[in-house]
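Since the structure is predicted, the reported quantities are computational estimates derived from the model, not experimental observations. Because only heavy atoms are used, hydrogens play no part in the values below, and waters and symmetry mates are left out as well, while side chains stay in.
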Amino acid sequence: MNRRSWIRNTGLLTAASMTGPATHAGLVADKPVLKIAHITDVHIREGDDAPNRFKKCLADVLKHKPDFFLNGGDSIHAADYKDVTRETMLGYWKLWDECTATLKGYEIHSCIGNHDPWWAAPSKEDEMYGKNYVVKRLKTPGRYYSFTQKNWHFVILDGNNEHVSLDDEQYQWLEADLAKLAPGTFVLLMSHYPILGATPMLAGGGGHSDYKKLKNLFYKHRDKVRICLSGHQHLQDHTEYNGVQYCCNGAMSGFWWGKGDAESAAPNYYQETPPGFAMLELYADGRVVNTYFPHRY
């Protein structure tokens with residue numbers, strides 16, 4: 001695909017990602033209180049020159065001057081397959097560390113993707129087995145957690161449970177976390193999997209099975225909850241329901257860093273979505289703009 005075609009395609013996608021009531025933000029004089037980079041589904045591995053391409057992507061993200069990064073999971077290629085050895089899994093994480101070292105000085109708040117945990121360990125007692133090791137490698141407070149910056153509250157969820165859902169302990173924690181927020185605090189949630197949207201209908205793997213339960217909880221806190229971010233599907237989708245934006249922000253790796261298949265609209269695309277990342281502008285009054293930026297690497 002030539003450069004002119006690439007610009008035409010990416011421009012259309014970026015414009016589409018900004019549809020909805022929040023798009024008027026660019027017409028007002030006030031500035032966002034936070035600018036957040038959302039990267040997801042990096043699937044880092046050695047093949048297809050993925051590490052160098054990922055570093056170039058990160059350099060592009062930094063040009064937007066984000067305050068910090070949200071990483072939506074599937075950071076490494078695929079540790080979850082039955083035949084993955086310890087050495088392969090550790091190799092993936094080594095590449096992740098080397099690439100993200102270019103972000104020195106930036107906070108990276110991550111969630112766990114379905115491909116991140118290593119389930120083929122000799123036993124469940126192995127220190128590298130499962131999600132606890134992912135928490136350690138991503139340097140997060142836990143498999144789910146929250147934090148607040150400015151008047152925005154960020155909730156990071158773990159949907160890697162039965163039927164793609166929040167376990168009871170996590171759901172009760174989320175209820176309490178939202179309930180204790182002061183008026184005038186706005187909420188951004190991130191899960192690896194979509195909670196609502198079109199993408200579960202278009203790609204395998206699906207989204208949260210507890211979407212109605214979560215939708216009801218968000219409606220209870222509709223004065224606070226503003227946006228839910230996800231990845232997993234490698235597709236870009238922007239849906240709004242009950243005043244909450246649901247943004248599935250494609251994949252940094254596109255077609256897993258590969259050239260694509262018969263359904264790819266162009267090289268490196270997954271179906272009609274090019275590889276890319278999102279930038280979010282968060283405003284003091286609860287407005288939020290999510291813009292998807294395709295990359296060309």
Problem set entry | Test item: Cys228 and Leu196 side chains (from C-beta on) under 4.5 Å apart, heavy atoms | no

For this session: Can you see which heavy atom on Glu98 is nearest to which on Lys94, and at what distance?
Result: OE2-NZ, 2.5 Å

Exercise. Should His77 and Trp256 count as side-chain neighbours, where that means a heavy-atom distance under 4.5 Å?
Worked result: yes

For this session: Kindly work out whether a path of hydrophobic side-chain contacts (I/L/V/M/F/W/Y, heavy atoms less than 4.5 Å apart) joins Leu157 to Leu70.
Result: no

For this session: Could you walk me through whether Thr140 and Val134 pass the side chain to side chain contact (heavy atoms under 4.5 Å, CB included) test, one step at a time?
Result: CA-CA 9 Å; Thr140 62; Val134 180; over 6 Å; no

Exercise. Which heavy atom in Ile227 sits nearest to a heavy atom in Cys247, and how many Å separate them?
Worked result: CD1-SG, 4.0 Å

Problem set entry | Nearest-0.5 Å distance, CD of residue Glu46 to CG of residue Leu95 | 5.5 Å

Exercise. Are Val84 and Val42 joined in one hydrophobic group, where the rule is that I, L, V, M, F, W and Y side chains link up if heavy atoms are under 4.5 Å apart?
Worked result: yes

Problem set entry | Trp152 side chain reached by Ile36 side chain, heavy atoms, under 4.5 Å | no

Exercise. So how far is it from Gln271 CD to His234 NE2, rounded to the nearest 0.5 Å?
Worked result: 11.5 Å

Exercise. Going by the angle between their ring planes, with limits at 30° and 60°, are Phe54 and Trp96 parallel, tilted or perpendicular?
Worked result: parallel

Exercise. Is it true that His153 and His221 have ring centroids separated by less than 6.0 Å?
Worked result: no

Exercise. Run the salt bridge (charged side-chain N to carboxylate O under 4.0 Å, His left out) check on Arg86 and Asp126 step by step: do they pass?
Worked result: CA-CA 11 Å; Arg86 189 185 305 271; Asp126 191 298; 2.7 Å; yes

Exercise. Is there side-chain contact between Leu282 and Lys150, with at least one heavy-atom pair below 4.5 Å?
Worked result: no

For this session: Look at the side chain of Asp41 and the backbone N and O of Asp74, then say whether any donor-acceptor pair between them is shorter than 3.5 Å.
Result: no

Exercise. Does the ring of Tyr171 carry Lys213 above it, NZ/CZ under 6.0 angstrom from centre and within 45° of its axis?
Worked result: yes

Exercise. Under the salt bridge (charged side-chain N to carboxylate O under 4.0 Å, His left out) criterion, do Lys63 and Asp60 qualify, and how do the steps go?
Worked result: CA-CA 5 Å; Lys63 293 175 184 177; Asp60 279 357; 3.4 Å; yes

Exercise. With respect to Leu280, which candidate in Leu34, Leu188, Thr291 satisfies the side chain to side chain contact (heavy atoms under 4.5 Å, CB included) definition?
Worked result: Leu188

Problem set entry | Taking every non-hydrogen atom, the tightest pair across Tyr144 and Asp158 | CB-N, 4.2 Å

Problem set entry | Rounded distance [0.5 Å steps], NZ in Lys259 versus CG in Asp48 | 8.5 Å

Seminar exercise, completed: Interatomic distance, CE@Met279 vs CG@Asn249, rounded to 0.5 Å, equals 11.0 Å

Exercise. Under 6.0 Å between the ring centres of Phe68 and Phe147?
Worked result: yes

For this session: Report yes or no: does Thr273 contribute a side-chain atom to a donor-acceptor pair with the main-chain N or O of Gly250 at less than 3.5 Å?
Result: no

Exercise. For Glu175, does the CD atom sit with more than 12 other heavy atoms under 6.0 Å from it, leaving out its own atoms?
Worked result: yes

Problem set entry | Within-4.5 Å side-chain heavy-atom neighbours: Thr88 and Asp83 | no

Exercise. Hey, would you say the Phe277 and His64 ring centroids sit under 6.0 Å apart?
Worked result: yes

For this session: Kindly say whether the aromatic ring centers of Tyr129 and Trp118 come within a distance under 6.0 Å.
Result: no

For this session: For residues Trp257 and Arg53, report the shortest heavy-atom separation together with the two atoms involved.
Result: O-NH1, 3.0 Å

For this session: For the pair His295 (side chain) and Met252 (backbone), establish whether a donor and an acceptor sit closer than 3.5 Å, ignoring hydrogens and angles.
Result: yes

Problem set entry | Any donor-acceptor N/O pair, Asp80 side chain to Pro117 backbone, under 3.5 Å | no

For this session: Verify, without hydrogens or angle tests, whether Asn161 (side chain) and Leu166 (backbone) share a donor-acceptor contact under 3.5 angstrom.
Result: no

Problem set entry | Within 6.0 Å of OH in Tyr211, more than 12 heavy atoms from elsewhere | no

Exercise. Would a hydrophobic clustering, with Ile, Leu, Val, Met, Phe, Trp and Tyr connected at side-chain separations under 4.5 Å, put Tyr92 with Tyr81?
Worked result: yes

For this session: Decide whether Leu138 and Ile39 are clustered together by the hydrophobic rule: side chain heavy atoms of Ile, Leu, Val, Met, Phe, Trp, Tyr closer than 4.5 Å, transitively.
Result: yes

Exercise. If you look at every heavy atom in Ser230 and Thr40, which pair is closest and at what distance?
Worked result: O-CG2, 4.4 Å

Problem set entry | Close side-chain approach of Tyr292 to Asp237, heavy-atom, < 4.5 Å | no

Exercise. Applying the 4.5 Å side-chain criterion to the ILVMFWY set and letting contacts propagate, would Phe154 and Leu189 be lumped into a single cluster?
Worked result: no

For this session: Using the side chain to side chain donor-acceptor pair (under 3.5 Å) rule, take Asp177 and Ser146 through it: C-alpha gap first, then chi angles, then the decisive distance, then the call.
Result: CA-CA 8 Å; Asp177 192 61; Ser146 64; 3.1 Å; yes

Exercise. From Asp116 CG over to Ser75 OG, what is the distance, rounded to the nearest 0.5 angstrom?
Worked result: 4.5 Å

For this session: Return yes if a side-chain donor-acceptor contact under 3.5 Å exists between Asn160 and Tyr193, otherwise no.
Result: yes

Exercise. Taking atom CG of Asn151 and atom CZ of Phe186, what is their separation to the nearest 0.5 Å?
Worked result: 6.0 Å

Problem set entry | Residues Arg137, Ile76; criterion side chain to side chain contact (heavy atoms under 4.5 Å, CB included); working and verdict | CA-CA 11 Å; Arg137 293 306 300 250; Ile76 61 174; over 6 Å; no

Exercise. Hey, mind stepping through Asp285 and Tyr283 against side chain to side chain contact (heavy atoms under 4.5 Å, CB included) and telling me if it holds?
Worked result: CA-CA 5 Å; Asp285 61 1; Tyr283 289 79; 3.5 Å; yes

For this session: For residues Pro194 and Tyr246, determine if any side-chain heavy atom of one lies less than 4.5 Å from a side-chain heavy atom of the other.
Result: no

Exercise. What closest approach, in Å, do Arg45 and Pro51 show between heavy atoms, and which atom pair accounts for it?
Worked result: O-CD, 3.1 Å

Problem set entry | Sub-4.5 Å side-chain heavy-atom contact between Lys55 and Cys99 | yes

Exercise. Would Asn114 and His192 satisfy side chain to side chain contact (heavy atoms under 4.5 Å, CB included), going step by step from the backbone distance to the final call?
Worked result: CA-CA 8 Å; Asn114 56 297; His192 178 62; 3.0 Å; yes

